[in-house]
Amino acid sequence: MKDKINNPETNKLISGLQISDVSNAVMNSGYPLQTIVVEKLKDFNITEEWSFIDRDTKEIRNIDILAEHDLFDYENHPDTRVRPHLSLLIECKQSIMPYIFFTSNNKPGLYDFPIYSGMLGNTSIKVKTDKSRDTWTFSINHLFGLIDHPFVQDGPDYSKVFSKCARKGKELELSGSDSYNSIIQPLIKSMIYYRKVTSPPKTAVYFDCYMTIGLAVIDAPMIGVKVNEGENELFFTPWVRVLRHEHDEEDSWIHKGKHFAIDIVHKDFLSSYLQDHLLPFSHEFGRLALKHAKVLVKGKGYIKGIENKHRKLEEYLEDV
């Protein structure tokens, strides 16, 4: 078919413009990286240029990639009321200038990482026990013990401030606003919108529970900065978890906002990030979601003698 498509003589570059100039513009745009990332997500259902509504401007924007992966199979779980999935909202960035991450030893409890959606109401679970009228409320991560999983507990360095280098004459300077506006802000906004559009109707009987990760894939040098006894220690790092504290319209009155966590990985570390870190974590969630489907549907559970149990609560979790 392509052999029958003849290019007209008028479809050409103007004088003074070379195909190499166009090639450089394409390479700098980020689109070749987006193609590379898609090729590494062969087990995912891919939507490129996924659109969402900006919560501030109310305008339609796009995230580079929405990648979705089932954490169950229909053949072995045809009647489960909860169908667990992994969803990645991905931004791709290319640069010859390095990204600089100021790492922090202050790691808050990430009870809201990853974001979960697709269930009725919020994603916290109320647990009752014997010999007490008290009710305990847990996030899915806490109740399922996922906060102790190596993906969360022993993951990468954390950073609350990161920047991109830019030239200023012969010197380099850091530009913090560019990194936030082009990476963190659209990812957070797209995750919040994704949670909204995956909310089921109140009459739903079967649910798709989505574990959602905001991910930036970088084709650029990634350099961490750690302050050690007053001196800056610089090191190359392929994976950083960036924390951003924000107030969310879904928060209840007792919350003071939450930490959104964005994973930023180098493009040549992406396969390892997926196979060695993220997928083992997400498949553990999928296993537990299927095991405790009724608890997730009701948002309620029962643990006998909960006062004496501080870890591995999931092992004692029962339906009510």
Problem set entry | Audit row: V295, Y302, side chain to side chain contact (heavy atoms under 4.5 Å, CB included) steps and yes/no | CA-CA 9 Å; V295 172; Y302 174 83; over 6 Å; no

Just by modelled atom types, is the [Y] backbone N or O under 3.5 Å from a matching donor or acceptor in the [X] side chain?
| X | Y | result |
| --- | --- | --- |
| S23 | S20 | no |
| D64 | C92 | yes |
| D21 | Q18 | yes |
| D54 | D56 | yes |
| R81 | F207 | no |
| T103 | S159 | no |

From [X] atom [atom1] to [Y] atom [atom2], the distance as rounded to the nearest 0.5 Å:
| X | Y | atom1 | atom2 | result |
| --- | --- | --- | --- | --- |
| Y210 | S199 | OH | OG | 10.5 Å |
| R61 | Q185 | CZ | CD | 6.0 Å |
| T212 | E68 | OG1 | CD | 8.5 Å |
| R287 | F144 | CZ | CZ | 9.5 Å |
| I53 | S190 | CD1 | OG | 13.0 Å |
| L215 | I63 | CG | CD1 | 10.5 Å |

Exercise. Can you list the steps and then say if F138 with L313 is a side chain to side chain contact (heavy atoms under 4.5 Å, CB included)?
Worked result: CA-CA 10 Å; F138 298 98; L313 297 176; 3.6 Å; yes

Problem set entry | Lys/Arg N to Asp/Glu carboxylate O, D148 vs K312, below 4.0 Å |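 Salt bridge flag = no for K312 with D148.
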
For this session: Flag the pair K304 and D130 as a salt bridge only when some basic side-chain nitrogen lies within less than 4.0 angstrom of an acidic carboxylate oxygen.
Result: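 Result for this pair is no, no salt bridge flagged.
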
Do [X] and [Y] have side chains that approach each other closer than 4.5 Å (heavy atoms only, starting at C-beta)?
| X | Y | value |
| --- | --- | --- |
| F285 | L86 | no |
| H266 | F236 | no |
| F260 | I184 | no |
| F52 | L89 | no |
| L66 | I46 | no |
| K267 | Q94 | no |
| M211 | I140 | no |
| E91 | I262 | no |

Exercise. Restricting to pairs with a member in residues 203-220, which pass salt bridge (Lys or Arg N to Asp or Glu O under 4.0 Å), not counting sequence neighbours?
Worked result: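 As it turns out, the salt bridge (Lys or Arg N to Asp or Glu O under 4.0 Å) pairs with a partner in residues 203-220, which skip direct neighbours, are R83-D208.
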
Exercise. Can you name the side-chain hydrogen bond (donor to acceptor under 3.5 Å, both in side chains) partners of N7, sequence neighbours left out?
Worked result: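 Scan of N7 (side-chain hydrogen bond (donor to acceptor under 3.5 Å, both in side chains), adjacent residues dropped) gives N11.
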
For this session: Begin with the C-alpha distance, continue with both residues' side-chain angles, and end with the deciding distance and a verdict on ring-ring contact (aromatic ring centres under 6.0 Å, His included) for H277 and F151.
Result: CA-CA 6 Å; H277 302 280; F151 180 75; 7.4 Å; no

For this session: Over 60° means perpendicular and under 30° means parallel, so classify the ring planes of H283 and H69, tilted if in between.
Result: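 Ring orientation, 0 to 90° scale: perpendicular.
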
For this session: Quick one: do E314 and K291 satisfy side chain to side chain contact (heavy atoms under 4.5 Å, CB included)? Show the steps, please.
Result: CA-CA 10 Å; E314 175 275 326; K291 177 181 177 181; 2.7 Å; yes

Exercise. Among the clusters formed by ILVMFWY side chains lying less than 4.5 Å apart, do L41 and F281 turn up in the same one?
Worked result: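 Both belong to a single hydrophobic cluster.
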
Exercise. In a check of side chain to side chain contact (heavy atoms under 4.5 Å, CB included) between L143 and each of L288, I303, L296, which one passes?
Worked result: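 The passing option is I303.
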
Exercise. Passes side chain to side chain contact (heavy atoms under 4.5 Å, CB included), L274 versus L88? Steps please.
Worked result: CA-CA 11 Å; L274 292 171; L88 304 179; 4.1 Å; yes

